[in-house]
Every structure is written in C-alpha cells, then in structure tokens.
Amino acid sequence: MFKTSGKTESGVPEWAIVELQGLVQMKKETPSEPTTVGDLHYYNRNRHPVLVLGHHVLNGKEIKLEHPMAVIEKVTDNGRTHYKVKAVVKKKLLFKSRPKPIISNVADRV
Amino acid sequence: MRETRSSDDVRKVIKIAKLHESELTETTQVLRFPPANKQNENLRLIQLDDYLLKEIEAGNELVFKGDPDENVVLCTNSKTYDVKEAETSNSLLLVPDLLFAALTGLDETVQNNSMEDSDSSFDKSNNSLNKSTDSDDGTLLPRKIEHKDIVNTFFTYYELKPCKPRLSKLRKLLEQSKYQGSELEYSVDKAKLFTYEAILDQVQASRAELDDELEKIQAIKIDDHYRILEFDYEFRVLSYMLDLIEENSWPLDKISKDETLNSLKELVPLQILEAMFRFYTVESLIDDNVQYYKYKEDKVCRFLGRVLLTSAGKFNLVEFMQAWKDSVPEGMTTSETLLSGIALTDKSTNPQVVWGFAESDLPDEINERFKLLFQTKAKWTVDEISPYVECYATEKLNVNALLTKYARASTQDGVRVFSAKHTK
C-alpha cells in the first residue's frame with residue numbers, strides 16, 4: 001500500500017512550461033556548473049516569445065494550458081511516500097515552428 | 001560557458017541572431033540547466049481539471065492510493081480520479097518563476113494588438129530578421145537579465161480522469177470480521193478489525209464516497225472498528241425489532257425509537273440497535289412533540305424474502321409467495337417486483353419456481369459476471385438484468401450501453417431481451 005498526500009500552503013506558486021520540439025542536448029551530461037540553454041526575449045509588438053538557442057532562433061507563443069497542471073514532488077520520509085504540491089502551471093511558451101538557423105560567420109558561444 | 005550572462009553577452013547574441021533589440025521588451029531571461037545535483041528528479045506533472053485546481057489552490061489534501069497490484073487513483077475529499085501516464089514527443093521544460101510577456105516591461109499601449117493571429121505575426125517577426133541591422137547597442141541602458149533555472153525536463157505527465165471509486169475491496173476487508181453477536185466475539189481475529197482511517201487508507205475512494213458506501217453496505221462502528229453484521233445476526237436483530245410492533249400493537253407508522261432501543265438494549269449492543277434502526281426506518285409523524293418512525297416496507301420485505309431464499313435450491317413460486325407474505329409484519333405488502341436483484345423466477349416450468357440469486361454473490365469482474373449471468377439464464381430483459389450490472393454503469397456508460405457492449409440484443413415475443421454475445 002502506498003498512500004501519499006499533497007498539501008499546499010495557501011498561495012501555490014505558478015510555474016511555467018517551455019515546450020520545445022525534440023530534445024535539448026547538452027555537451028556535458030552531468031555538469032557541475034549551470035549550463036546556459038538560451039536567451040528568451042519577448043517582442044514588444046505582440047507579446048510573442050523568441051528564444052535564441054545555440055545556432056537557432058525559435059519563435060513561439062504564449063498559450064493558456066487547456067488543462068492546468070500541478071507540479072508535485074515525491075518526498076520520502078520514514079519509509080512513507082508523500083507527494084507535495086510545489087506549484088501549478090497554467091500557461092506555457094510553445095515553440096512549435098521550425099527553428100530558424102542563424103547564418104553568420106562566427107558565433108563565439110554555442 | 002559562463003554561469004551568468006551579462007547584458008553585453010545577451011546583446012551580442014541578439015545581434016548575431018539578427019533580432020532587433022528595439023522590438024524586444026526590456027528583460028531577457030536566460031534559461032539554464034542547473035548543475036545536475038540541483039535538478040529535481042522527484043517532480044511529476046499531473047494534469048488537472050477545474051475542480052482539482054480549485055482544491056489545490058484551496059490547500060485541500062489530494063491523496064494517491066494504490067497497492068502495487070492496483071492502478072493508482074487520486075482522491076480528493078469527495079472524488080476519485082483514475083491516473084494514467086501520458087507521453088509527449090516534445091520536451092516540457094519546467095521553469096519556476098518564469099516571467100511571461102506582460103511582466104517583462106511590455107508597453108501597455110501595444111497590448112491591445114496582441115490578439116492578432118499568431119501565425120501571421122510569426123511571419124512578421126521573421127521578416128524583421130531580414131531587415132538590415134540597425135544599431136541597437138551603444139547608447140542604451142544595459143538590458144535587464146534574469147537567470148531562470150529549468151528544474152527538470154519532462155516527456156511524460158499524468159492524466160487524471162474522474163472514475164468510480166473502487167469499493168469492492170471494502171466488502172472484502174469487512175467480511176473477514178463479521179459481527180455475529182457478542183457471544184461469538186471471542187472467535188474474531190482482532191488483526192482483521194479495521195478503524196475508519198485504516199479503511200480509508202486501503203480503499204481507493206474519497207472520504208465522501210467511502211462514507212456513502214459504508215452506509216450502503218450497512219457497516220456499523222462498534223468500538224472504533226467498522227463491522228458488517230452476519231446475515232443470521234441481522235435477521236435476529238430485525239426480528240426482535242419487528243416483534244415489538246405486535247407486542248405493543250403499534251400502528252405501522254407510529255414506531256417508537258426510544259421504546260425499541262429500551263426494550264432490546266439487554267439483547268443487542270446499543271450501537272447496533274441504533275444503526276439497525278437507522279437502516280430500516282424513516283421518520284413518519286410527530287405526535288405530542290415525539291418523533292415517530294415507520295419501517296422501510298420494501299427493505300424489510302426484501303430482507304425477509306432473502307431469509308426464506310437462503311436455503312439452496314428452487315422453490316415453488318406460489319408456495320414461496322405465500323410463505324413470504326406470512327413472514328412479514330401484518331400490513332406490509334410483498335410482491336414479485338421486490339425480488340428484483342435478490343431472486344430469479346422461471347415461469348416456463350410447471351410448477352413455476354423461484355430461487356435466490358443475489359447481486360453481492362456475483363464475481364466483481366464484469367466479463368465473468370456476464371458469463372455467469374448468461375449461464376444462469378439465457379435471456380434477460382433489461383429490468384431483470386439491471387440490478388446485477390448497474391454497479392458498472394457510469395454517467396457516460398449507462399446500463400443500456402453496457403448491455404450493447406457485453407451482450408447481444410434480440411426480440412422475443414415483442415420484448416427486447418439480452419443474451420450472451422458469443423454462444424456456442
């Protein structure tokens with residue numbers, strides 16, 4: 001039998017999902033330092049996000065999730081497993097268009 | 001690769017990417033994978049409906065329940081959800097505290113235009129990539145840089161679907177310790193007695209659903225443990241109670257609760273008397289400020305019918321109906337329709353027969369149950385079969401839909417009947 005409970009303090013934080021096609025691969029599997037994935041900007045004009053990821057520019061949009069999600073964390077103490085609600089996710093940034101390659105001579109960070 | 005990026009680093013990339021800083025809001029968020037030891041592998045995503053979202057935001061408890069051999073369910077205080085893992089081919093990067101556009105210094109005046117069709121606006125922003133690079137750098141203030149860590153990347157999440165509580169386990173738990181009377185309590189295995197919390201722990205149902213079912217199966221709290229009564233014992237107690245009607249010459253709608261409890265408290269524990277009284281009576285009238293009750297006639301008749309049917313084998317229907325009529329308190333009416341769900345009749349034989357056939361004795365698994373039903377009787381009308389299968393019905397799948405799925409419909413003498421889907 002496993003029974004778990006998720007309890008939240010009032011005022012659950014809202015987190016976000018950044019949804020990308022495919023997989024973001026890192027050069028090092030287990031880095032000891034934080035690894036930059038990309039720079040996220042928003043256009044003034046239409047609020048759309050743009051993500052510069054390595055050699056690619058991804059244009060996306062902000063979408064309200066059809067079904068909100070909860071982020072739950074598995075916590076094991078004294079052999080009992082609990083799930084704690086950490087946050088809810090109501091919106092995501094969806095990057096579903098084909099990434100545009102950056103054509104330039106040099107890129108000093110990739 | 002540096003841990004933090006400066007305004008200049010970001011500007012350089014904006015330029016290389018041929019974006020135009022003037023078109024962007026003033027904050028750039030640098031997304032990072034934190035070092036491996038800071039990634040949280042214990043996080044899961046679960047999809048919510050509006051009700052669950054409200055429950056979470058109100059800080060109410062959600063409980064996952066399941067033995068290793070059971071599908072996990074999620075229970076709120078009043079509902080049960082089936083939990084299924086779903087996969088996505090996209091990567092879902094989970095980012096705490098990410099700023100959405102509205103919070104990154106967006107000019108209020110342009111927000112009204114933001115509803116334009118997104119695909120065409122993609123094109124516009126793409127066009128801007130091809131414009132000549134105008135000078136964005138130099139005289140501007142440094143960009144606001146915020147570093148945001150991706151706590152984990154997901155390819156799966158859990159979908160929740162409202163489902164019926166899985167209650168068959170409850171009866172199994174309680175059947176191990178049926179109450180047969182105080183004189184036989186010594187023989188009950190104390191390890192098989194369950195408190196409310198222990199039952200709630202083990203049964204895949206919410207509190208409210210469990211409470212309803214405990215009442216429905218007539219579980220009684222006796223000294224902190226929930227018990228169901230042995231059939232013979234229930235008959236004994238009900239008989240004591242019904243005998244008082246004649247003894248006191250009570251009209252059927254003027255049963256005194258106090259009198260009933262007082263007369264029988266020497267014979268039956270009070271907890272059981274009170275529960276039995278609740279199960280079998282409803283309030284009737286108030287006379288001289290005293291609440292009186294009447295017995296639930298159908299329930300009493302059905303129970304006494306079951307008592308007659310307990311011995312195995314078939315009975316002559318006419319004789320049974322007479323014996324049944326004689327067994328109920330005077331003034332109560334038995335009728336064949338009350339046998340639905342507790343007995344079957346066969347009118348093609350001579351004499352016509354009746355035999356006990358209780359829903360609670362059938363297999364839980366739906367295919368096995370249908371198999372047994374059609375073995376017992378080849379053709380059923382909807383009314384006949386309903387009591388035996390309606391426990392599987394849901395809002396979306398009612399009894400008729402169930403029958404369409406698990407049985408074959410045909411017409412016999414103008415009556416719609418159902419038979420086994422695959423006959424030999």
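Residue numbers start from 1 in every chain, and the chains themselves are labelled A, B, ... in the order their sequence lines are given, proteins ahead of strands.
In terms of non-hydrogen atom pairs under 4.5 Å with chain A, the most contact-rich of B/Asp50, B/Leu98, B/Val95 is B/Val95. In terms of heavy-atom pairs under 4.5 Å with chain B, the best-connected choice from A/His56, A/Glu66, A/Gln21, A/Lys91 is A/Lys91. In terms of heavy-atom pairs under 4.5 Å with chain B, the best-connected choice from A/Pro13, A/Ala87, A/Ala16, A/Pro101 is A/Ala16. No other option in B/Leu94, B/Asn40, B/Ile145, B/Asn42 has as many heavy-atom pairs under 4.5 Å with chain A as B/Asn42. Per-residue heavy-atom pair counts under 4.5 Å with chain A were compared for B/Leu74, B/Val30, B/Ile46, B/Leu45, and the maximum is reached by B/Ile46. For the options B/Thr88, B/Leu99, B/Ile150, B/Asp49, heavy-atom pairs under 4.5 Å to chain A are most numerous at B/Leu99.
No side-chain N or O of B/Ser206 forms a donor-acceptor pair with one of B/Tyr81 less than 3.5 Å apart.
Heavy-atom distances place the backbone of B/Ser89, and not its side chain, under 4.5 Å from chain A. For A/Val71, the parts lying near chain B are the backbone and the side chain together; criterion is any non-hydrogen pair under 4.5 Å. Heavy-atom distances place both the backbone and the side chain of A/Glu19 under 4.5 Å from chain B. The contact between B/Phe155 and chain A is made entirely by side chain atoms (from C-beta outward), counting heavy-atom distances below 4.5 Å. With a threshold of 4.5 angstrom between heavy atoms, A/Val89 approaches chain B through side-chain atoms but not through N, CA, C or O. At a 4.5 Å heavy-atom cutoff, the contact between B/Tyr157 and chain A is made by side-chain atoms alone. Using a 4.5 Å cut-off between heavy atoms, A/Leu65 does not touch chain B at all. Using a 4.5 Å cut-off between heavy atoms, B/Asp69 does not touch chain A at all.
Side-chain N or O atoms of A/Ser97 include one that pairs as donor or acceptor with a backbone N or O of A/Asn59 at under 3.5 Å.
Atom CD of B/Glu87 is surrounded by 12 or fewer heavy atoms from other residues, nucleotides or ligands within 6.0 Å.
A salt bridge links B/Lys148 with B/Glu146; the closest basic N to acidic carboxylate O contact falls under 4.0 Å. The pair B/Lys84-B/Asp82 meets the salt-bridge criterion, with a side-chain N (NZ, NE, NH1 or NH2) lying under 4.0 Å from an Asp/Glu carboxylate O. Using a cutoff of 4.0 Å between basic side-chain nitrogens and carboxylate oxygens, A/Lys90 and B/Glu57 are scored as salt-bridged. Ion pairing of B/Arg5 with A/Asp39 is present here, as a side-chain N (NZ or NE/NH1/NH2) and a carboxylate O approach within less than 4.0 Å. Salt bridge B/Glu70/B/Lys169: present, at least one basic N to carboxylate O contact under 4.0 Å.
Of the candidates B/Val203, B/Thr80, B/Val73, B/Thr80 is the only one forming a side chain to side chain contact (heavy atoms under 4.5 Å, CB included) with B/Pro165.
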